[in-house]
Amino acid sequence: MTNTKPSIADVFRKALPARSSHDQIIAKFQSLIYQATHPVDPAEAMAKARHEFGEHGGVNMSIEVSSTFTVMKPETMRRMFDGELGPDHDFFIYGRHFNPTIMNLGRLIAALEGTESAYCTASGMSAISSVLLQLCNSGDHIVASQTLYGGTHALLGEFFPKKCNITTTFVDIRDHDMVRRATEEGRTKVLYFESMSNPTLTIANVPELCKIAHDKGVTVVVDNTFAPMILSPARLGADVVVHSITKFISGGADIIAGAVCGRASLIKSMMDLHQGSMLLLGPTMAPAIAFEIMERLPHLGLRMKEHCHRAMVYATRMRNLGLKVIYPGLDDHPEHALINSIGYKEYGYGGLIALVMETEEKANRLMNLLQNYTKFGLMAVSLGYYETLMSCSGSSTSSELNEEEKELAGISPGLIRMSVGYNGTLEQKWSNLRKRFR
């Protein structure tokens, strides 16, 4: 018997659901092209992205701060507003529309996530709300993970139903049968989840969840804020990736920003003069902020490796001290094998640790000691900072969930979310923490 190599058509046919719309076929074709032509390692992909030089030959791109742009001929303006001429040919209209500095950041973020295009916004929540409002209309339905950042949970569970007539069914993203049952073909427009959940650090099986959604013609939107460099949802099949750039990508706790990554047609539709959610709602990023973020992207990989390395060491040592620790890098984590199979192991398993104390009182007591006595970290929300940040999730960043929702999400009253920093030496910081247990 001779082995015959499968044709491109065979590979393409197997990659698609039996009933695929024209848009799904185009999207899958674009995805396969990108997978074949783009390097897999996110750092390598960003390094290969086009480098923009400054106006006078500077090694850094110039910042375009103008809110409006001139044209040389009066008829050009009509052609721009008709969509005939656009930013892909260096025709710009207005700062709330496309801006060249923000576009360059978008190219780098797209390279990071392996998508055709990306555009950046003024916050992570504006990225999430804009893309969901672009993908959904009044009367549509979303299926979402029950374990989400509190602000996202409130947006889907409270704001959208009351203000937009868009409803959401929350599911255990680990229960694929539950996801399948909740997803209604023709009514459900989006499956939404976090690649690494906030704050329980559950790892989503992105390839399997994408297959479930795509079989029913549903768009997959994944929040990858917790896992840049570590997981690449789009390379695993997701249609759209969103980020709160505020966190790891920025790394300085001094910038609020977000990103939407996906097909070029999606980004273009979000900037449509008549129906574009990003243009009409106006979550505009400042060009100077875009420049700041671009300066930080080249060392994102180095920072993530150190965040993850220290988190792995601390999680292992904390467990040895008898603490109940949740960390994807530990072999007792339920999705440890999964993240090994779909993640970039050279970057690690994430920069966050969850400590499960019995009560909120015990959690608060520990955080108070670690900040005010041992100087191990700071009590503050957010994550991705060079100092270790700690918060009791149930009473802070997940406080939008009611008690029943917290229980379903696995958020116990004493759960501490710890974003591990890299300031100082590892052993110096560990000795600070160890003082608490002497």
Side-chain angles (χ1 to χ4, degrees), residues 149-151 196-201 225-227 244 246-248 250-256 302-330 332-333 348-401 403 406 409-438:
Y149 165 59
M196 184 181 292
S197 69
N198 182 359
T200 59
L201 308 184
T225 298
F226 271 34
S244 172
T246 310
K247 312 305 192 296
F248 285 113
S250 168
D254 57 348
I255 283 174
I256 302 291
L302 298 175
R303 290 188 280 117
M304 289 308 299
K305 286 181 180 179
E306 190 62 19
H307 280 298
C308 296
H309 169 63
R310 294 196 183 198
M312 183 71 199
V313 172
Y314 294 160
T316 302
R317 293 180 181 180
M318 288 175 182
R319 183 175 64 175
N320 292 340
L321 288 174
L323 292 170
K324 186 175 180 182
V325 182
I326 300 172
Y327 184 65
L330 297 177
D332 61 357
H333 189 281
Y349 297 95
L352 289 116
I353 296 170
L355 293 179
V356 184
M357 311 301 287
E358 292 178 6
T359 63
E360 183 180 348
E361 181 184 6
K362 289 184 177 181
N364 288 340
R365 191 184 307 138
L366 177 59
M367 290 190 295
N368 181 55
L369 288 167
L370 294 181
Q371 173 179 282
N372 296 320
Y373 294 92
T374 71
K375 312 301 180 187
F376 175 75
L378 305 173
M379 285 183 283
V381 298
S382 200
L383 53 118
Y385 189 43
Y386 56 78
E387 293 282 5
T388 294
L389 304 179
M390 306 169 290
S391 60
C392 189
S393 295
S395 57
S396 59
T397 54
S398 297
S399 61
E400 294 90 342
L401 284 68
E403 294 307 313
K406 289 176 192 174
I411 303 170
S412 61
L415 188 147
I416 298 173
R417 188 187 73 183
M418 183 178 289
S419 171
V420 177
Y422 52 77
N423 198 26
T425 68
L426 186 155
E427 295 301 337
Q428 172 194 18
K429 289 294 183 178
W430 175 252
S431 68
N432 291 350
L433 181 142
R434 191 70 179 85
K435 291 175 187 176
R436 160 65 182 84
F437 298 95
R438 285 175 183 163

Checklist entry - Under the side-chain contact (heavy atoms from CB on, under 4.5 Å) criterion, do His309 and Leu426 qualify, and how do the steps go? => result CA-CA 9 Å; His309 169 63; Leu426 186 155; 3.7 Å; yes
Only distances under 3.5 Å count here; give the side-chain donor-acceptor pairs of residues 350-361 to other protein atoms, sequence neighbours excluded, each with its distance to 0.1 Å.
unit_1: Glu358; atom_1: OE1; unit_2: Lys362; atom_2: NZ; d: 2.8
unit_1: Thr359; atom_1: OG1; unit_2: Lys362; atom_2: N; d: 3.1
unit_1: Glu360; atom_1: OE2; unit_2: Ser395; atom_2: OG; d: 3.3
unit_1: Glu361; atom_1: OE2; unit_2: Arg365; atom_2: NH2; d: 3.4

Atom pairs and distances, side-chain donor-acceptor, residues 411-424, under 3.5 Å, sequence neighbours left out:
unit_1: Arg417; atom_1: NH1; unit_2: Asn198; atom_2: OD1; d: 3.0
unit_1: Arg417; atom_1: NH2; unit_2: Ser382; atom_2: O; d: 3.2
unit_1: Ser419; atom_1: OG; unit_2: Gly384; atom_2: N; d: 2.9
unit_1: Asn423; atom_1: ND2; unit_2: Glu387; atom_2: OE2; d: 2.8

Checklist entry - Which distance, rounded to the nearest 0.5 Å, do you find between the CE of Met379 and the CD of Gln371? => result 3.5 Å
Checklist entry - Considering residues at least two apart in sequence or located in another chain, which fulfil the salt bridge (Lys or Arg N to Asp or Glu O under 4.0 Å) criterion with Lys406? => result Glu403
Checklist outcome for this item: Looking only at heavy atoms, the pair that brings Asn364 and Cys392 closest together is OD1-CB, 4.1 Å
Checklist entry - Which residues satisfy the side-chain contact (heavy atoms from CB on, under 4.5 Å) test with Asp254, sequence neighbours excluded? => result Ser250, Arg296
Checklist outcome for this item: Nearest heavy-atom contact between Ile326 and Leu201 is O-CD1, 3.5 Å
Checklist entry - Looking at Lys429 and Tyr314, what are the two nearest heavy atoms and their distance? => result CB-OH, 3.2 Å
Next on the checklist: With salt bridge (charged side-chain N to carboxylate O under 4.0 Å, His left out) as the rule and sequence neighbours excluded, what pairs involving residues 311-322 come up?
Outcome noted: Arg317-Glu427, Arg319-Asp331, Arg319-Asp332
Checklist entry - So how far is it from Trp430 CH2 to Thr425 OG1, rounded to the nearest 0.5 Å? => result 13.5 Å
Item to check | Sequence-distant partners of Glu400, side-chain hydrogen bond (donor to acceptor under 3.5 Å, both in side chains), two or more places apart | outcome: none
Checklist entry - With sequence neighbours excluded, what pairs up with Arg303 under the salt bridge (Lys or Arg N to Asp or Glu O under 4.0 Å) test? => result none
Item to check | Non-neighbouring partners of Thr316 that pass side-chain contact (heavy atoms from CB on, under 4.5 Å), sequence neighbours left out | outcome: Met312, Asn320, Leu330
Next on the checklist: Is any side-chain heavy atom of Met304 closer than 4.5 Å to one of Phe248?
Outcome noted: yes
Checklist outcome for this item: Residues at least two apart in sequence or cross-chain that pass ring-ring contact (aromatic ring centres under 6.0 Å, His included) with Tyr385, listed by chain then number, are none
Next on the checklist: Applying ring-ring contact (aromatic ring centres under 6.0 Å, His included), can you list everything that pairs with Phe226, at least two apart in sequence or on another chain?
Outcome noted: none
Checklist entry - What distance do Leu378 atom CG and Leu389 atom CG have between them, rounded to the nearest 0.5 Å? => result 6.0 Å
Item to check | Any residue meeting ring-ring contact (aromatic ring centres under 6.0 Å, His included) with Tyr149, in chain and number order, not counting sequence neighbours | outcome: none
Checklist entry - For Met318 and Leu433, which heavy atoms make the closest approach, and how far apart are they? => result CE-CD1, 3.4 Å
Item to check | Residues in side-chain hydrogen bond (donor to acceptor under 3.5 Å, both in side chains) contact with Thr225, at least two apart in sequence or another chain | outcome: Asp223
Next on the checklist: Quick check: closest heavy atoms across Met196 and Tyr349, and the distance to 0.1 Å?
Outcome noted: CE-O, 3.5 Å
Checklist entry - If every non-hydrogen atom of Gly410 is compared with every non-hydrogen atom of Thr200, which pair is closest and at what distance? => result O-CG2, 3.6 Å
